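Taking it in order: structure first as structure tokens, then the write-up.
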Number of protein chains: 4
Amino acid sequence: MTLPAPLTGVVPPVCTPLTPDREVDVPSLLRLVDHLVEGGVHALFVLGSTSEAAFLTDRQRSQVVEAVVGHTGGQLPVLAGVIDMTTPRVLDHVREVTAAGAEAVVVTAPFYARTHPSEIVHHYRRVAAASPVPVVAYDIPSAVHTKLPADVVLGLAADGVLAGLKDSSGDLAAFREIVTGAHTLPRFSVLTGSEVITDAALALGADGAVPGLANVDPHGYVRLYRHSRAGDWDGARDEQDRLCALFGMVGAGDPARMGGSSSALGAFKAALHLRGIIDCPVTAEPQVPLSGEEVEKVGKYLAGAGLL
Amino acid sequence: MTLPAPLTGVVPPVCTPLTPDREVDVPSLLRLVDHLVEGGVHALFVLGSTSEAAFLTDRQRSQVVEAVVGHTGGQLPVLAGVIDMTTPRVLDHVREVTAAGAEAVVVTAPFYARTHPSEIVHHYRRVAAASPVPVVAYDIPSAVHTKLPADVVLGLAADGVLAGLKDSSGDLAAFREIVTGAHTLPRFSVLTGSEVITDAALALGADGAVPGLANVDPHGYVRLYRHSRAGDWDGARDEQDRLCALFGMVGAGDPARMGGSSSALGAFKAALHLRGIIDCPVTAEPQVPLSGEEVEKVGKYLAGAGLL
Amino acid sequence: MTLPAPLTGVVPPVCTPLTPDREVDVPSLLRLVDHLVEGGVHALFVLGSTSEAAFLTDRQRSQVVEAVVGHTGGQLPVLAGVIDMTTPRVLDHVREVTAAGAEAVVVTAPFYARTHPSEIVHHYRRVAAASPVPVVAYDIPSAVHTKLPADVVLGLAADGVLAGLKDSSGDLAAFREIVTGAHTLPRFSVLTGSEVITDAALALGADGAVPGLANVDPHGYVRLYRHSRAGDWDGARDEQDRLCALFGMVGAGDPARMGGSSSALGAFKAALHLRGIIDCPVTAEPQVPLSGEEVEKVGKYLAGAGLL
Amino acid sequence: MTLPAPLTGVVPPVCTPLTPDREVDVPSLLRLVDHLVEGGVHALFVLGSTSEAAFLTDRQRSQVVEAVVGHTGGQLPVLAGVIDMTTPRVLDHVREVTAAGAEAVVVTAPFYARTHPSEIVHHYRRVAAASPVPVVAYDIPSAVHTKLPADVVLGLAADGVLAGLKDSSGDLAAFREIVTGAHTLPRFSVLTGSEVITDAALALGADGAVPGLANVDPHGYVRLYRHSRAGDWDGARDEQDRLCALFGMVGAGDPARMGGSSSALGAFKAALHLRGIIDCPVTAEPQVPLSGEEVEKVGKYLAGAGLL
């Protein structure tokens with residue numbers, strides 16, 4: 001399915017369920033996709049950070065795209081992350097995920113090497129020139145340690161290099177600058193990656209949201225999106241407040257024992273397991289698993305939000 | 001060739017010459033290897049940061065290891081970087097580079113994901129358990145945005161998980177803590193990645209050095225190493241002073257126009273090209289090339305050091 | 001005048017006009033205060049970052065508080081910053097500014113020393129114990145290089161140590177956590193320090209705003225606040241959009257020539273000078289002044305917003 | 001006493017002993033000074049970071065300078081820190097400490113405000129123009145969050161603005177660049193602030209050292225300095241190894257309970273107390289005190305180094 005221009009709505013970054021020996025659990029993945037589609041989401045984003053793309057081998061990445069694209073069969077667009085350090089490596093992933101059927105690629109700034117804004121621009125131009133599908137920029141400074149400057153994003157959008165932006169920077173002021181700058185670019189899609197200020201991002205003009213927590217509660221984010229589009233800001237805020245409380249689950253893991261990725265991704269998977277959607281809550285290595293007590297905490301968040 | 005325990009001496013991180021269309025230029029690579037071997041270096045480190053490993057595709061990485069191992073034929077050990085984000089992806093690289101003949105693998109902390117020290121420990125244990133060859137830790141906070149704690153390194157060394165450390169942190173105080181802690185670990189190799197305080201690192205007990213600039217002047221670093229081993233600290237410092245001046249070339253690129261990697265790696269390759277060792281000074285994308293004027297600056301550094 | 005509990009509304013961080021020889025220009029300061037009061041602001045915050053408090057001597061700081069408190073005569077509350085590195089030095093400022101009539105003190109986390117959250121807690125407890133007036137926490141990680149954790153702020157609020165928070169972190173997700181946590185603390189005031197997402201902060205429940213740009217356009221921020229309180233979110237957004245465009249002035253200074261403080265504070269003062277409110281746009285040393293051309297840019301922002 | 005040009009040797013940053021109610025304990029301070037002078041140090045640096053200058057009130061700062069200058073009576077030079085955020089505030093401290101007899105002032109880059117290199121240059125020029133005594137630059141990025149660029153330091157040194165540099169950056173490569181650049185500036189003094197790579201800094205040409213640990217063991221650092229000057233690098237390294245082991249005391253405090261300043265400064269003061277030099281080991285607020293068990297650890301470090 002061709003990517004709408006602009007892409008709008010709720011676009012969950014789809015978790016990648018694993019088997020106990022850490023292979024992709026395709027049946028669980030497809031159940032998760034059904035759960036999201038049934039929840040009313042508008043597109044799917046596979047191989048993002050929430051999908052543990054940084055932990056999946058190339059073989060596993062292709063397996064995920066093929067399984068999801070094959071299963072959805074054009075019902076809704078499937079975007080795929082191509083997370084890697086530099087242009088040549090990203091181009092290899094672009095070839096793989098588009099061969100497997102991805103309808104857009106989601107591309108971060110280069111990382112590992114020390115990178116200049118002019119190199120970021122060149123990176124996106126080169127990837128877009130070689131990609132058979134639209135390119136969405138992925139701004140995630142916590143991972144790549146560079147913030148995509150607003151003028152860089154808007155310049156590339158104006159030149160038709162970028163079809164959209166997924167903003168996971170947490171910096172709503174910079175996000176607004178891009179939303180405002182994109183008023184003259186009606187086909188460019190500005191998406192927030194935040195779970196907890198989604199209503200605010202939509203209120204100031206975002207086209208949609210890519211919240212990891214939408215794996216756990218797609219219906220909630222779809223309701224939030226619809227309230228926003230209807231101008232029902234009180235309804236949007238109430239839904240957002242409920243989702244903010246639910247999002248507390250990402251702190252379930254003990255910070256003395258594990259990093260933030262282990263805790264957040266472990267909590268999402270524990271929640272999907274507790275809700276009966278996936279078979280096994282394991283995360284990829286070297287992440288630390290949640291303890292039984294920590295999983296119980298996740299269950300309490302679900303119960304508090306009326307999901308268990 | 002089996003890795004010596006401990007590995008000592010000068011171990012250049014070998015640049016990866018590219019053709020104008022950015023494929024590995026194997027004949028140039030082998031001429032560079034000959035130049036290094038003739039210069040008296042003690043081992044070779046391929047696929048490190050200076051090798052632009054972050055920019056090479058998987059296919060190109062294998063090509064480099066095969067070419068170098070095939071060419072050196074066991075004259076000296078070949079270590080290979082397996083730079084990637086997380087355990088499963090690193091393990092894929094370990095399989096590839098050891099199949100291609102690497103005699104040790106050089107492994108950074110995980111990156112992209114937010115990582116806890118306990119996850120770093122688990123990462124190294126899993127990689128070492130699966131690797132058929134020794135594992136050397138690669139501490140490069142400027143790239144991975146985590147510093148390997150001294151107690152983590154020493155603990156893994158004591159357990160036999162790590163065979164050595166390449167320290168590119170620039171933090172000589174932390175490096176010394178590891179050198180001192182390794183006094184009871186006579187087979188563990190502590191190597192500095194610095195070009196400009198190599199003499200100081202050797203004076204306080206480092207086993208060797210992995211300086212990127214040794215691509216350009218292997219003889220200089222070998223002389224520096226020999227002076228140090230002979231206790232001739234005045235000779236070592238004089239050689240180091242000459243190499244420090246030569247290292248100024250890494251600033252040849254205009255910081256308003258390019259990042260630090262573009263400038264430093266561009267300068268090393270320009271120097272190798274000017275010295276007639278490689279055919280083409282091009283660096284991988286999205287790096288910015290040096291201008292003609294900037295290449296002239298590199299030439300002046302070479303002339304100043306008596307290398308042109 | 002006693003601080004309302006909670007403090008609500010628009011609370012501009014009052015610029016400190018200087019004479020050409022960089023003494024406090026009291027007549028200009030009082031004209032600025034009149035301009036703000038006439039604009040309908042709800043309280044005044046002197047000696048904040050926008051006030052160049054970090055650049056004012058102790059003598060000048062007292063002079064500012066005395067002049068403003070003397071001039072307003074209890075019409076509206078005057079809060080004063082007590083920006084300094086550690087508890088004993090902050091306590092000295094508390095004595096000075098309360099002797100001069102400040103009705104609340106605004107206190108950052110300790111800086112310069114490497115500080116632990118437990119030390120931040122102890123700092124606020126000690127300051128509050130010694131202060132004759134309420135203490136407002138000032139979260140400004142760009143200056144002090146520590147983010148006040150939400151649980152620390154809420155814990156201190158629950159214990160009555162803190163009367164409010166001024167959040168200049170730019171992190172709306174963390175801000176929301178505090179707003180939500182403060183629902184059970186009806187006397188605790190949560191204020192955003194942002195100029196450009198003020199509407200979003202108010203929509204999610206903030207009590208008010210402390211925008212530096214309100215020096216230049218107090219009427220605009222007061223209108224924005226009133227629209228928000230009336231639930232007129234479209235009106236709020238339109239006003240905010242106009243203010244966002246006006247805020248572009250903070251980038252008037254050339255980043256190759258000056259830091260962000262020089263540019264932003266220089267622009268605010270240039271705007272006040274162009275509007276005829278203050279006599280001289282000079283900023284304190286070592287800040288770099290705007291060039292004539294850069295001042296012209298500021299003028300264009302004013303004209304664009306209908307202020308010139 | 002006039003500052004020698006260049007200043008050389010061991011220049012301890014003198015701890016500031018406090019009474020239990022956190023006033024300056026002048027008798028203890030003077031005993032500490034006697035201990036240092038008897039240990040053979042070459043100058044004294046009061047009001048540095050190790051002196052808790054960031055925690056002392058203006059009154060206490062003056063008290064320290066007056067007491068020390070009055071006590072030493074010109075036997076050796078007394079340098080004084082003037083740590084504050086910006087030029088006007090630093091100039092006030094310069095007036096105070098020089099009135100109290102300081103023979104040089106030690107000045108950091110501006111902090112709190114976002115600072116550009118051109119503003120750093122202007123800051124030092126303004127301070128030097130107004131100071132009746134020589135200005136030494138203090139490079140301490142961990143506190144001020146800016147690194148003094150080598151070319152800035154060398155440019156100011158060449159212009160006679162700076163008489164020396166105290167480098168507490170931990171970056172020996174950058175330090176070497178300054179040492180080398182200062183070869184043509186024979187009156188400019190380049191001092192390392194490191195406790196644990198002092199031998200390396202002296203070996204590559206530093207003029208001296210400003211190690212906090214010299215409060216505890218001045219004799220050790222003076223021996224280290226003499227070995228270095230005599231070219232006895234083995235002797236220097238042995239002394240340095242002993243001092244490195246002793247320096248382990250800075251980690252005595254539990255990092256789950258306190259910040260690095262509390263632990264390091266608490267350990268130095270505990271050691272001075274255990275050695276009978278000062279009456280009370282208390283540190284300034286909001287620092288967390290060492291527990292009894294942690295003080296015992298400090299005692300073991302002293303015993304291990306033969307100091308108890």
Side-chain angles (χ1 to χ4, degrees), chain A residues 18 22-23 49 52-61 83-93 108-127 140 142-146 253-265 283-288, chain B residues 18 22-23 49 52-61 83-93 108-127 140 142-146 253-265 283-288:
Chain A
L18 300 178
R22 293 190 168 82
E23 287 298 335
S49 303
E52 297 175 85
F55 299 86
L56 300 178
T57 63
D58 289 352
R59 178 179 56 78
Q60 292 174 328
R61 290 188 181 197
I83 295 174
D84 215 317
M85 297 169 252
T86 58
T87 316
R89 295 186 63 80
V90 167
L91 287 178
D92 270 4
H93 292 293
T108 70
F111 51 97
Y112 191 87
R114 289 167 291 157
T115 299
H116 187 273
S118 70
E119 293 161 358
I120 295 175
V121 168
H122 184 54
H123 179 63
Y124 280 112
R125 290 193 183 281
R126 284 284 292 124
V127 172
I140 183 162
S142 66
V144 305
H145 301 278
T146 308
D254 179 0
R257 216 167 53 80
M258 68 183 73
S261 296
S262 290
S263 181
L265 301 181
T283 52
E285 290 185 315
Q287 290 174 95
V288 171
Chain B
L18 299 178
R22 293 189 167 85
E23 287 298 334
S49 304
E52 296 175 87
F55 299 87
L56 300 178
T57 64
D58 288 354
R59 178 177 58 77
Q60 292 174 327
R61 290 187 182 198
I83 294 173
D84 217 317
M85 296 170 253
T86 59
T87 316
R89 295 186 62 82
V90 166
L91 288 178
D92 270 5
H93 293 294
T108 70
F111 51 96
Y112 190 88
R114 290 167 291 158
T115 301
H116 187 272
S118 71
E119 293 161 357
I120 295 174
V121 168
H122 183 54
H123 178 64
Y124 280 112
R125 289 193 184 282
R126 285 285 292 123
V127 172
I140 183 163
S142 65
V144 304
H145 301 278
T146 308
D254 178 0
R257 217 167 51 81
M258 69 182 75
S261 296
S262 289
S263 179
L265 301 181
T283 52
E285 291 185 315
Q287 293 174 93
V288 171

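The chains referred to below are lettered A, B, ... by the order of the sequence lines, with proteins before strands, and numbering in each begins at 1. Just so you know, these numbers use all the heavy atoms, side chains as well, and skip hydrogens, waters and symmetry mates. Just so we're clear, the structure is a prediction, and the values are computed from it rather than from any experiment.
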Honestly, the part of B:L91 sitting under 4.5 Å from a heavy atom of chain A is neither
Over all heavy atoms of both residues, which pair between B:T57 and A:P88 is shortest? Give the atoms and the distance, please.
CG2-O, 3.8 Å
As an exercise, state the distance from NE2 of B:H116 to CE of A:M258, rounded to the nearest 0.5 Å.
8.5 Å
Report which part of A:F111 has an atom under 4.5 Å of a heavy atom belonging to chain B: side chain, backbone, both, or neither.
side chain
For the residue pair A:V144 and B:Y112, what are the closest heavy atoms and their distance?
CG1-CE1, 3.9 Å
Decide yes or no on side chain to side chain donor-acceptor pair (under 3.5 Å) for A:H122 and B:E285, but give the supporting numbers first.
CA-CA 8 Å; A:H122 184 54; B:E285 291 185 315; 3.1 Å; yes
Between A:R22, A:H145, A:R125, who has the most heavy-atom pairs with chain B when the cutoff is under 4.5 Å?
A:H145
What pair of heavy atoms forms the shortest contact from B:R114 to A:S261, and how long is it?
N-OG, 3.2 Å
With the threshold set at 4.0 Å, does a side-chain nitrogen-carboxylate oxygen contact exist between A:D92 and B:R59?
no
Return the set of residues passing ring pair (Phe, Tyr, Trp, His ring centres under 6.0 Å) with A:Y124 (not counting sequence neighbours), or none when no residue passes.
none
Side chain, backbone, both or neither: which part of B:P110 has a heavy atom under 4.5 Å from chain A?
side chain
For the side chain of A:Q287 and the backbone of B:E119, is there at least one donor-acceptor N/O pair under 3.5 Å apart?
no
Select, from A:V127, A:I83, A:I120, A:T115, the one with the greatest count of heavy-atom pairs under 4.5 Å involving chain B.
A:I83
For A:D254, all residues meeting salt bridge (charged side-chain N to carboxylate O under 4.0 Å, His left out), sequence neighbours excluded:
none
Work out which heavy atom in A:L56 is nearest to a heavy atom in B:R89; give both atom names and the distance.
O-NH1, 2.9 Å
Closest contact, heavy atoms only, A:T86 versus B:A54
OG1-O, 2.7 Å
Which pair of non-hydrogen atoms, one from B:S118 and one from A:V288, has the smallest distance, and what is that distance?
OG-CG2, 3.7 Å
Whatever's closer than 4.5 Å to a heavy atom in chain B on A:P117 counts as neither
